[in-house]
Amino acid sequence: MPFYSKTNALFRSAKPLPHAMSPREVFLHNLRIGSLGRAGQLDAARQLFDRMATRDTVSWNAILTAHWQNSDLEGSKRLFDSMPQRNTVSWNSIIAGCLENGRPDEALDYFAKMPLRNVASWNAIVSGLVKLDRFEEAERLFEAMPVRNVISYTAMVDGLARKGEVDRARDLFDRMPKKNAVSWAAMISGCVENGRYEEARYLFDRIPEKNLAAITAMITGYCKEGNVEKARGIFNGIRHKDLICWNAMMAGYVHNGHGEEALKLHIQMQKTGMKPDHATLIAVVTACSALGLLQQGKRTHAFAIKTKLLLNVSLCNALITMYSKCGCIGDSQFLFQNIQNRDLVSWNTIIAACSQHGDYDNVLSLFNEMEEKGMIPNEITFLSILSACRHATKVEESLNWFNLMMSKHRIHPRAEHYACLVDMLCRAGHLEKACKYIREMPYEAETSAWGAVLAACQMNSHVKLGELVAKKLILLDSRTSGAYVMLSNIYAADGMWREVVKVRGLMKQNGAKKQPGYSWIQIADKVHLFSVGDASHPDIDKILSELERIVFHMKMFSHYANLSL
DNA sequence: TTAGGGTTAG
């Protein structure tokens, strides 16, 4: 393009810049500073700014913005203080910078001090507060706005939907004086985020002009509903695909357990010449976690270092999970230690990883460390801690954590917390206590909680309780085989063969089938898949003899372990 | 200079 080739020639020049720059030259430099800032090249932007002999307010605004866009808010603030002249754009930029870097109070401070506000100033503060979950303040400012435009309304529609108030969002959307493509996309996305897929479809069919944002929201909607085929159909119909819709489709595959499809799509995307961003790599890494593809996960990690995408915390978090799921907990810990700007998810991720590896002591010290650093744990943190207690059979501790979560942190336990606790109590043989918690929980006990009790009944040969629980489970879900199988095992262990036959018959009658279990392992870029009773692997004899050897050693080990008790 | 689609933890 002629414009860029011309400007590139100007910027490549090693010659010192003239003492007085023409307005056109200043204009081109300002543009360049802006694009360098957006491309993550703060140093280059700064060099260019420093070399400019003539600067106008736009130049100052451009470099100020470049600093906060590259996480240097303090640098932006210093520039703001030293600017020879400020206009409304300068104020708007520093406010946006504070909001983007998660400092809403500072943004509000600047907003209060600014001499002249335009509609963009109001919109920036309203939408920024919405994004940082300070909805009430955003709403108050929205009400106080002297003038509102389509952007103000769209920001509020988004805010209401984020808060889960879809009806109010829809009401505001319907009452908007003017709608554009962005407003429609925001409303559809709001429906999708809150699981209102029918409404999303209804709106999507009524958009005056379909745009890629709305189409992408629909792709995500179908994926969340579990209908990846339909999503793929829409995706295939997009003529000019952008990075975000590729990312949405890949993430959709990953969340529905089709990691391989996601990776295939990633290869297709690469072939089109589209450059991946952090969200692309998150999808790839999450697919690797699910499939146990350590080598590909490592390659993606290396690529992220090379392209500086590893600066993204979410990607680091995804990699921590990948290493942990692939058995490399040491790599997870190393990565975690080296994250500069850890967020709550990072802490939850590493705690979950240690929990899954049975390292209760590390979970404990990580929790203490996170509290010391002022990080507030949430319900997921406690779920991981309870899960760690379960793995280590720490009965007393888990009850303490459960109480602490409610009393100190004011977190209401969810069904999953109860399920975890119940499962542990059952495994430890405290059946009565487990049933007490199930009765106490304010939810209809989920299959997982009752399933835990039934498994414990099987282990401890509790026929009466087992019968009761199995009946409940079959009532909740008659087509899953677990309850039938466990109940028939309980009967069998007690020699109640007539009952065994009855249960098996009932299972057949209700059409309950067992989902075959699979496991797989990656060796030198090849994935080997196994299912129960599967003898199709070319090296099956070697595999079986190795298994026998391992089982023999395990038995020996447990024999000696028992002797030492 | 302001609004929208994808992004990690159980």
Side-chain angles (χ1 to χ4, degrees), chain A residues 34 58 61-62 64-65 87-97 99 117-128 130-131 145 148-159 161 176 179-190 192-193 211-221 223 242-252 254-255 277-283 285-286 289 309 312-322 324 339 343-353 355-356 377-388 414 416-417 419-420:
Chain A
V58 181
N61 289 345
L64 172 100
T65 307
N87 59 16
T88 308
V89 177
S90 329
W91 285 91
N92 289 353
S93 172
I94 195 72
I95 288 171
L99 291 163
R117 301 177 191 112
N118 61 14
V119 66
S121 330
W122 285 92
N123 287 342
I125 196 90
V126 166
S127 66
V130 160
K131 279 194 202 129
M145 278 178 83
R148 297 185 195 107
N149 62 11
V150 63
I151 297 181
S152 335
Y153 280 98
T154 307
M156 277 315 285
V157 166
D158 176 44
M176 277 173 77
K179 296 180 187 68
N180 62 14
V182 180
S183 330
W184 282 91
M187 190 63 240
I188 290 172
S189 166
V192 166
E193 279 306 308
N211 60 85
L212 200 44
I215 295 171
T216 309
M218 275 318 289
I219 289 177
T220 304
C223 288
D242 70 356
L243 180 60
I244 299 182
C245 75
W246 281 100
N247 289 349
M249 193 63 235
M250 281 168 53
V254 172
H255 293 145
D277 71 352
H278 58 277
T280 321
L281 299 194
I282 287 170
V285 167
T286 312
S289 297
L309 289 171
N312 180 274
V313 193
S314 305
L315 179 55
C316 290
N317 299 341
L319 278 164
I320 291 175
T321 301
M322 187 279 293
S324 159
I339 300 179
D343 60 6
L344 178 59
V345 179
S346 318
W347 286 94
N348 286 351
T349 308
I350 192 70
I351 287 177
S355 159
Q356 281 151 10
N378 67 0
E379 71 271 18
I380 294 169
T381 320
F382 284 101
L383 198 55
S384 297
I385 294 174
L386 288 175
S387 171
R414 297 201 312 221
E416 291 97 322
H417 294 99
C420 192

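Every heavy atom of this structure was used, including side-chain atoms; hydrogens, water molecules and symmetry mates were not. Chain letters run A, B, ... following the sequence lines, proteins first and then strands; every chain starts at 1.
- Residue contacts shown for A:A352 are limited to sugar-phosphate atoms, with no base heavy atom under 4.0 Å away.
- A:S183 places none of its side-chain heavy atoms less than 4.5 Å from the side chain of A:Y153.
- The residue A:H417 sits apart from the nucleic acid: no heavy atom pair falls under 4.0 Å.
- A:S127 comes within 4.0 angstrom of the backbone, heavy atoms only, and of no base.
- The listed nucleotides are B:dA3, B:dT8, B:dG5; the one nearest the side chain of A:N180 is B:dA3.
- A:T321 and A:T349 share no side-chain donor-acceptor pair at under 3.5 Å.
- The CE-C1' distance, from A:M145 to B:dA3, rounds to 11 Å in whole Å.
- Under 3.5 Å, the side chain of A:D242 and the base of B:dG5 form at least one donor-acceptor pair of N or O atoms.
- Checking B:dA9, B:dT2, B:dT7 against the side-chain heavy atoms of A:N312 singles out B:dT7 as nearest.
- Considering CE of A:M156 and CD1 of A:I151, their distance stands at 15.0 Å, rounded to 0.5 Å.
- The shortest distance between the side-chain N/O atoms of A:S189 and the OP1/OP2 oxygens of B:dG5 is below 4.0 Å.
- Checking B:dG6, B:dA3, B:dG5 against every side-chain atom of A:A217, the shortest atom distance belongs to B:dG5.
- Rounded to an integer number of Å, the gap from A:I282 CD1 to B:dG6 P is 13 Å.
- In summary, the side chains of A:N118 and A:T88 do not present any donor paired with an acceptor at a separation below 3.5 Å, with no hydrogens or angles considered.
- Among the protein residues, A:N118 comes within range of the nucleic acid bases, having at least one heavy atom under 4.0 Å from a base atom.
- Whole-Å rounding puts the A:Q356 CD to B:dT8 C1' distance at 14 Å.
- The distance from atom CE of A:M218 to atom P of B:dG6 is 12 Å, rounded to the nearest whole Å.
- Atom pair A:N92:CG and B:dT2:P shows a separation of 8 Å (rounding to whole Å applied).
- Look at CG on A:N378: it is 15 Å from P on B:dT8, rounded to the nearest Å.
- Side-chain atoms of A:S314 come within donor-acceptor range of the base of B:dT8, with a qualifying N/O pair under 3.5 Å.
- Taking the side chain of A:I244 as heavy atoms from C-beta on, and the options B:dT7, B:dG6, B:dT2, the nearest nucleotide is B:dG6.
- Going from atom CZ of A:R148 over to atom C1' of B:dA3 covers 15 Å, rounded to whole Å.
- No N or O donor and acceptor, one from the side chain of A:N211 and one from the base of B:dG5, sit under 3.5 Å apart.
- Here B:dT7 is the nucleotide among B:dG4, B:dT7, B:dA3 with the atom lying nearest to any side-chain atom of A:A251.
- Listed nucleotides B:dA9, B:dA3, B:dG6 differ in distance to A:T216; the shortest reach to its side chain belongs to B:dG6.
- One cannot find a donor-acceptor pair under 3.5 Å joining the base of B:dA3 and the side-chain atoms of A:N149.
- Computed from coordinates, the A:I151 CD1 to B:dT1 C1' distance equals 10 Å when rounded to whole Å.
- Using a 4.0 Å heavy-atom cutoff across all strands shown, A:S387 reaches no nucleic acid atom at all.
- The side chain of A:V182 has B:dA3 as its nearest neighbour among B:dG5, B:dG6, B:dA3.
- Residue A:A213 is in base contact, counting any heavy-atom pair closer than 4.0 Å across all strands shown.
- Counting heavy atoms from C-beta on, the side chains of A:V58 and A:V89 never come closer than 4.5 Å.
- Within the structure, every side-chain polar atom (N or O) of A:K179 is placed at least 4.0 Å from both OP1 and OP2 of B:dG4.
- Checking B:dT2, B:dG6, B:dT8 against every side-chain atom of A:N123, the shortest atom distance belongs to B:dT2.
- Using a 3.5 Å distance cut-off with no hydrogens or angles, the side chains of A:N87 and A:N61 do pair a donor with an acceptor.
- Under the 4.5 Å side-chain criterion, counting only non-hydrogen atoms from C-beta, A:L344 is in contact with A:T381.
- Residue contacts shown for A:T349 are limited to sugar-phosphate atoms, with no base heavy atom under 4.0 Å away.
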